[in-house]
Protein chains: 2
Amino acid sequence: MHTSAVEDYLKAVCEIGRTEETVTTSALAARLDVSPASVTGMVKKLAVMKLVTYERYYGVALTNAGRRIAIEVIRHHRLVETYLHEALGVPWDEVHAEAEKWEHVLSEDVEARMDEALGHPTNDPHGAPIPTPTLELVEPDWPPLARMDAGTKAVVAEVSDDDPELLRYVGGLGLYPGTALEVISSAPYSDGPVTVRVLDGDQRGAEHAVGHRAAAHLFVRDVK
Amino acid sequence: MHTSAVEDYLKAVCEIGRTEETVTTSALAARLDVSPASVTGMVKKLAVMKLVTYERYYGVALTNAGRRIAIEVIRHHRLVETYLHEALGVPWDEVHAEAEKWEHVLSEDVEARMDEALGHPTNDPHGAPIPTPTLELVEPDWPPLARMDAGTKAVVAEVSDDDPELLRYVGGLGLYPGTALEVISSAPYSDGPVTVRVLDGDQRGAEHAVGHRAAAHLFVRDVK
DNA sequence: GTTAATTTTTAGTCTTCCCTAAAACAACTG
DNA sequence: CAGTTGTTTTAGGGAAGACTAAAAATTAAC
Ligand SMILES: [Mn+2]
Ligand SMILES: [Mn+2]
Ligand SMILES: [Mn+2]
Ligand SMILES: [Mn+2]
């Protein structure tokens, strides 16, 4: 088996690779809250273990073996988040921190039982897709709310899950995955707020000014 | 916070202290599957942290601070075992290994939610008492079945939880905590089997010869 | 009451994962 | 294309937790 440090590194490579072309040492250091020198050291070990390919100054990429482990950990993480939320009522801003620990200790047997108990969910409480048991994962790249024009109707697809305060804020506005909304006004190239009307859920009809930072971490899919 | 190594040591001191007068280095080494030299090193660190008192060649004892941590970990362990068994249907011979890992990562919030979801259970699937939220724990020392005389009627109180094979064997005989039985024949000072009639549960009426090792790890309370 | 066997401790290492400070390198900038 | 800036690597260490081998203390055996 692998240490949880190894699992966290591989997961981070996978997650950064979702948006960035190349995964750099400093991007990993920032995400894992670790010094760049530590990343260099660990990445060299991962390369020896054939879990990543790595060329100095050119970044890191997962091998097939490394990707399998990364997706396994992501499956654990998102399944645990979903289980904590659905079965135990843990609020959506707290599940991430707990899952960050559980993902490393969950057995395959209990993973399967959670999946079964939940009826094989496809998305976690923040809208992110849960990898299949055979470790397939497609992560669509929804545009952030911040980039939508006034007049657009859209549905919340996914919210970044690692900032509890942001999640409480967004939740307070009634903007959960699946919630429909209409963009009232938007200031695309500034850092101003995006005003939306909520069309769904407990805040149905309400109009909210969504701060820029939140709008950048809230992803939507268009509705024709 | 403490490392899981620290938590495991404190738990082991507490558990050995349940039956033994003094907790020796070698007893800890055997239970934790670690060399005696490693135990000496760790125990010195625990003494510096004021979690145990320790005198060379005379063994280890928990301080109040150390006992609190130990019982907290035991509460986590037994609550997780119960939750896995009741809520997810994990068989009673598998819950221990999983709980051994989960006990170190469970937050107080999720602990409370599991407790609530289960209706504040008092005993884990093996019959061991679950410490209260305020960390009170009384562990009665039931006599083992191996020491019961022929003719005695008794109820299964607790079964050792760390040997899956033994649990499968005992479970196959229908002997779960709460099951009533009658001792048909017993060979107290030999290592022969104890023959019992099951008075309860799915094996009601059956007669079984319980092997000596199992009878030594199966604890009962008398019934008048 | 010595000697022998057992238990415990000391001494010296190893591995894993992280750190800081300084040197090396790559990429802009004018 | 020389200088500035930012990134990455090297060099040197540290904390945890474990190990082996050998010394010391305790206990058991003649
Ligand atoms: Mn993690
Ligand atoms: Mn999530
Ligand atoms: Mn443990
Ligand atoms: Mn148990």
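We name chains A, B, ... by the order of the sequence lines, and we start the count at 1 in each one. This is a predicted model, so every value here is computed, not measured.
Between the OH atom of A/Tyr58 and the P atom of D/dT9 there is a distance of 12 Å, rounded to whole Å. Counting to the nearest Å, the C1' atom of C/dT7 and the CG atom of B/Leu28 are 14 Å from each other. B/Arg56 places its CZ atom 14 Å from the P atom of C/dT8, with the value rounded to the nearest Å. For the pair B/Tyr57 OH and C/dT8 C1', the computed distance is 4 Å after rounding to whole Å. One atom, NZ of B/Lys44, and another, P of C/dA11, lie 8 Å apart when rounded to the nearest Å.
Looking at residues two or more places apart in sequence or on another chain, you find a side-chain contact (heavy atoms from CB on, under 4.5 Å) between B/Arg221 and B/Trp142, B/Val155, B/Ala157. The salt bridge (charged side-chain N to carboxylate O under 4.0 Å, His left out) check on B/Asp8 picks up nothing, with sequence neighbours excluded. With sequence neighbours left out, the side-chain contact (heavy atoms from CB on, under 4.5 Å) criterion links A/Ala128 to A/Arg78, A/Asp124, A/Glu158.
Taking five base pairs at each end of the helix from C/dG1-D/dC30 to C/dG30-D/dC1, the local helix axes there meet at an angle of 10°, rounded to 10°.
Dashed line: the shortest gap from a side-chain N or O of A/Tyr54 to OP1 or OP2 of D/dT9 is under 4.0 Å. Proximity of A/Thr24 to the phosphate of D/dT7: no side-chain N or O atom is located under 4.0 Å from OP1 or OP2.
Residue pairs meeting the side chain to side chain donor-acceptor pair (under 3.5 Å) criterion with at least one member in residues 39-57 of chain B: none, sequence neighbours excluded.
Counting heavy atoms from C-beta outward, A/His77 and A/Asp161 have side chains that approach closer than 4.5 Å.
Ring centers of A/His76 and A/Trp102: at least 6.0 Å apart, outside the cut-off.
A distance-only check finds a donor-acceptor pair linking the side chain of A/Arg113 to the backbone of B/Gly89 [under 3.5 Å].
By the 6.0 Å contact criterion, CD on A/Glu108 is enclosed, its count of non-hydrogen atoms from other residues, nucleotides or ligands being greater than 12.
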(request) Scan nucleotides 11-19 of chain D nucleotide by nucleotide, 5' to 3', and note B when protein non-hydrogen atoms come under 4.0 Å of the base, S if they reach only the sugar-phosphate, - if neither. (result) -----SSSB
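The residue B/Thr40 sits close to a base: some heavy atom pair falls under 4.0 Å.
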(message) Test side-chain contact (heavy atoms from CB on, under 4.5 Å) on B/Glu98 and A/Leu106; report intermediate values, then the result.
(response) CA-CA 8 Å; B/Glu98 193 85 2; A/Leu106 191 67; 4.2 Å; yes
